[in-house]
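Naming convention: chains lettered A, B, ... in sequence-line order (proteins, then strands); numbering from 1 in each chain. What you are looking at is a predicted structure, and each value in this text was computed from that prediction instead of being measured.
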Number of protein chains: 2
Amino acid sequence: MFQRYSRQREVVYGILSATDTHPTAEWIYFEAKKVLPNISLATVYRNLRELVAADMAKVVLTKDAKEHFDADVSQHCHFVCESCGKVFDVKTKFDQSAQGVEEEGFVVEKCDVVFFGKCNNCSEIH
Amino acid sequence: MFQRYSRQREVVYGILSATDTHPTAEWIYFEAKKVLPNISLATVYRNLRELVAADMAKVVLTKDAKEHFDADVSQHCHFVCESCGKVFDVKTKFDQSAQGVEEEGFVVEKCDVVFFGKCNNCSEIH
DNA sequence: ATTATAATGATAATCATTATCAATAAGGAT
DNA sequence: ATCCTTATTGATAATGATTATCATTATAAT
C-alpha cells in the first residue's frame with residue numbers, strides 16, 4: 001500500500017487519530033500546516049484517500065457536502081447535529097448481523113449508521 | 001411550501017415516485033425530458049431540493065459523489081452494491097428508538113442506515 | 001554516492017450542485 | 001376573458017469540494 005515513508009502522511013494520520021471531531025480535509029490541512037507549513041492541500045486529500053483505502057480511516061457522510069474523516073475504523077455509529085454541524089461518536093453498539101439483511105440476498109461488508117438531530121448542547125440552548 | 005402548481009414538478013415527482021431505483025438528479029432529468037423536452041436540469045435539481053424540504057422525498061448518500069433520491073419517505077434502510085452501484089431498499093425494519101442513542105444526550109430526529117456489499121446479482125457472477 | 005521512482009507541491013481540471021436573472025406562466029382580481 | 005403580480009422556469013454562469021497533472025523532491029535500495 002504505502003511503499004515509502006512520508007512525513008506528511010505521518011502528520012496527517014497523527015492529526016486525524018488524535019481527534020474525535022471527525023474533521024474535514026480542510027481542517028486537517030490547516031492543522032498540518034502548523035507542523036509542516038509547506039504541506040499542500042492536495043497532499044492532505046491524497047493521503048486521506050490512501051488511508052481510507054488502507055482501512056486506516058473512514059469517511060463519514062454528513063450531508064454538509066464535505067467528507068468527514070475518522071481514524072476509528074471500528075464498527076460504530078455517528079450522530080450529526082443539524083444545528084451546529086458537529087459529528088459525534090455514538091457509544092451504543094449496533095449489531096449489523098442482527099439486522100437480518102443478509103437474508104434478503106445481500107452480502108454485507110460494512111454498514112453506516114448516522115443519526116441526525118440536536119446534540120446535548122444545542123438542545124439546551126434551543 | 002409550493003405556492004403554485006407546475007407541470008415540471010408534477011413530472012419530476014411522478015418519475016421519482018414511480019421507481020424504486022433511487023435515481024440521481026441527472027437520470028430523472030433524462031426521464032423528464034421524454035415528457036417535457038424543454039425541461040432544464042436546474043429545474044429538476046430545484047424541484048428535488050424542494051421536495052426534500054417538503055418531506056416528499058429524501059436523499060440517499062452512497063459514496064459515489066452523487067445524491068440519490070427516494071420518494072419513499074418512510075423509515076427504511078438502504079443497501080448499496082459496491083460492484084454495480086445500485087441502491088436497494090432493505091425490507092428489514094430498523095427500530096431507531098431501540099438503539100439507545102437518546103440516552104447519550106442526543107435528540108434524534110432521523111436516522112440513515114446504509115449497508116454496503118454485493119447485491120444478489122453481483123455476488124453470483126463473482 | 002547513485003539511482004529508480006514514490007510522494008509531494010502547485011495548480012489546473014472536473015463535476016455535481018447552486019445561484020443568477022430575464023422570460024414565462026399560474027391563478028387571483030377585475 | 002383580460003390584466004396583473006410574482007412564483008417558477010430555462011439557460012447558463014458560478015461555486016466549491018475533490019481529483020488529475022506534472023515537474024520537482026526525497027525515500028530507500030543498490
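Legend: ring-ring contact (aromatic ring centres under 6.0 Å, His included) pairs involving residues 59-96 of chain B, not counting sequence neighbours, sorted by first then second residue: A:Phe94-B:Phe94, A:Phe106-B:Phe79, A:Phe106-B:Phe88, B:His22-B:His78, B:His76-B:His78.
By the side-chain hydrogen bond (donor to acceptor under 3.5 Å, both in side chains) test, B:Lys93 pairs with no residue at all, sequence neighbours left out. Judged as a side-chain contact (heavy atoms from CB on, under 4.5 Å), and not counting sequence neighbours, the contacts of B:Lys63 are A:Leu61, A:Asp112, B:Phe116. In this structure A:Gln8 satisfies the side-chain hydrogen bond (donor to acceptor under 3.5 Å, both in side chains) test with no other residue, sequence neighbours excluded. Residues forming a side-chain contact (heavy atoms from CB on, under 4.5 Å) with A:Ala54 (at least two apart in sequence, or on another chain): A:Met1, A:Phe2, A:Met56. With sequence neighbours excluded, the residues forming a side-chain hydrogen bond (donor to acceptor under 3.5 Å, both in side chains) with A:Glu10 are A:Tyr5, A:Arg7, listed by chain and number. With sequence neighbours excluded, no residue satisfies side-chain hydrogen bond (donor to acceptor under 3.5 Å, both in side chains) with A:Tyr13. In this structure B:Arg49 satisfies the side-chain contact (heavy atoms from CB on, under 4.5 Å) test together with B:Arg46, sequence neighbours excluded.
Between A:Asn47 and A:Val11, the closest side-chain pair of non-hydrogen atoms is not below 4.5 Å. Between A:Glu82 and B:Lys110, some side-chain heavy-atom pair lies under the 4.5 Å cut-off. Side-chain contact check for B:Val12 versus B:Ile39: some heavy-atom pair is nearer than 4.5 Å.
Using modelled atom types, one side-chain atom of B:Glu104 and one backbone atom of A:Lys91 make a donor-acceptor pair closer than 3.5 Å. Checking side-chain atoms of A:Arg9 against main-chain N and O of A:Arg4 turns up a donor-acceptor pair under 3.5 Å.
In the 5' to 3' direction, nucleotides of DNA chain C lying under 4.0 Å from heavy atoms of chain A begin and end at C:dA4 to C:dT11.
Summarising the geometry, the separation between CD on B:Gln3 and C1' on D:dT5 is reported as 12 Å, rounded to the nearest angstrom. The distance from atom CZ of B:Arg4 to atom C1' of D:dT5 is 7 Å, rounded to the nearest whole Å.
A heavy-atom distance below 4.0 Å to DNA chain D is reached by none of the residues of residues 64-73 of chain B. Proximity of residues 34-60 of chain A to DNA chain D (heavy atom under 4.0 angstrom from any strand atom) is restricted to A:Ala42, A:Tyr45, A:Arg46, A:Arg49. Shown for residues 10-28 of chain B: no residue has heavy atoms falling under 4.0 angstrom of DNA chain C.
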